[in-house]
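Below you'll find the structure, written out as structure tokens, and then a few comments.
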Amino acid sequence: SSDLAVALLIAVPAVSIGLYLWRGSPGAADAPYAARPELVQPQATSRELLAFIAEQETTLTQNQNDAEGWLLLGRAYLAAGRFDDSANAVRKAIALGRNDAGTQTELVEALLNASGGLVTPPAQQAIDAALALDPAHPAARYYDGISKAQAGKVREAFEVWLKLAGETPAD
């Protein structure tokens, strides 16, 4: 058993290095994250998405009380990388009656994207609202863990995530 562990300890790095030298690019120049716009900026917005946004905006000027329409527009804005617009549209959906844990977590997603991943006070309010509406909501619990981690409460964050992982089906 210990012989197998020693053999693996030697074989795994040796095979990894060999594969990298054979298939990798050890001489390639660095590619800093900020210099790779395809990773920093959202992918190019499709014509279909832009057409849907325009159509939905027109529809909502005629029926401003359509909570479902505002939620759909918020999702489209999020997909297009228009995070502030997404948050505003989802807020309208919530104000018009789509106030459930799922919609609150969609607001959290828009706000986190707008802030570069930071849990801002409005995002925290949405997390709290989602958990108040459904304490078992998986996405709300996940974002609660992120909030705790960013606040320096790493142990509490891991407790949230480990409990969530334990309750999540394996598939």
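Just so it is clear, the values below take in all heavy atoms, side chains as well, and ignore hydrogens, waters and symmetry mates.
Scanning for salt bridge (Lys or Arg N to Asp or Glu O under 4.0 Å) contacts around E159 gives an empty result, with sequence neighbours left out.
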- Item | D66 and L96: CA distance, side-chain angles, deciding distance, side-chain contact (heavy atoms from CB on, under 4.5 Å) verdict | CA-CA 7 Å; D66 180 5; L96 292 169; over 6 Å; no

- Message: E106 vs I94, test: side-chain contact (heavy atoms from CB on, under 4.5 Å). Steps then yes/no.
- Response: CA-CA 10 Å; E106 290 191 54; I94 291 169; over 6 Å; no

- Task: I would like to know whether I127 and Q124 meet side-chain contact (heavy atoms from CB on, under 4.5 Å); could you show each step before the answer?
- Result: CA-CA 5 Å; I127 293 168; Q124 183 63 57; 4.2 Å; yes

- Message: Could you walk me through whether Q104 and H137 satisfy the side-chain contact (heavy atoms from CB on, under 4.5 Å) test, starting with their C-alpha distance in whole Å, then the side-chain angles of each, then the deciding distance to 0.1 Å, before giving a yes or no?
- Response: CA-CA 11 Å; Q104 288 287 347; H137 193 276; over 6 Å; no

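Contact check for R91 versus L111: side-chain heavy atoms found under the 4.5 Å cut-off. With a 4.5 Å cut-off on side-chain heavy atoms, L71 and V90 count as touching. Taking the side chain as every heavy atom from C-beta outward, V119 and Y143 never approach each other to under 4.5 Å.
In this structure, Q56 CD and L49 CG are separated by 11.5 Å, a value rounded to the nearest 0.5 Å. Rounding to the nearest 0.5 Å places CG of D84 at 9.5 Å from OG of S115. Rounding to the nearest 0.5 Å places CG of N63 at 13.0 Å from OG1 of T58. If you take CG on L60 and CG on N65, they are separated by 10.0 Å, rounding to the nearest 0.5 Å. Rounding to the nearest 0.5 angstrom, the gap separating the CG atom in L73 from the CZ atom in R75 is 11.5 Å.
Remark: the Y77 side chain and the E57 side chain contain an N/O donor-acceptor pair separated by less than 3.5 Å. In this model, no donor atom of one side chain and acceptor atom of the other lie less than 3.5 Å apart for N113 and E109. Side chains of D100 and T103: a donor on one and an acceptor on the other come within 3.5 Å.
With W70 contributing its side chain and Q64 its backbone, the two residues share a donor-acceptor pair below 3.5 Å. Between the side chain of S86 and the main chain of R82, no donor-acceptor pair closer than 3.5 Å is present. Side-chain atoms of Q150 come within 3.5 Å of backbone atoms of G117 as a donor-acceptor pair (strictly under, hydrogens ignored). Within the 3.5 Å criterion, the main-chain N or O of E55 finds a donor-acceptor partner in the side chain of T59.
L131 and V160 fall within a single hydrophobic cluster, where Ile, Leu, Val, Met, Phe, Trp and Tyr side chains are chained together by heavy-atom contacts under 4.5 Å. The same ILVMFWY cluster, assembled from side-chain heavy atoms under 4.5 Å apart, contains both I146 and F158. L72 and L78 are members of different hydrophobic clusters when ILVMFWY side chains are connected at heavy-atom separations under 4.5 Å.
Of all heavy-atom pairs spanning P135 and R141, the tightest one is O-CD, 3.4 Å. When all heavy atoms of R98 and A67 are compared, the pair lying nearest together is CG-CB, 3.7 Å. Here the shortest heavy-atom pairing between L107 and A87 reads CD1-O, 3.6 Å. Contact between A149 and W161 at its shortest, heavy atoms only, is CB-CH2, 4.0 Å. Of all heavy-atom pairs spanning V108 and A123, the tightest one is CG2-O, 3.9 Å. The minimum heavy-atom distance linking T168 with L164 is given by the pair OG1-O, 2.6 Å.
Other residues, nucleotides and ligands contribute over 12 non-hydrogen atoms within 6.0 Å of the CZ atom of F52.
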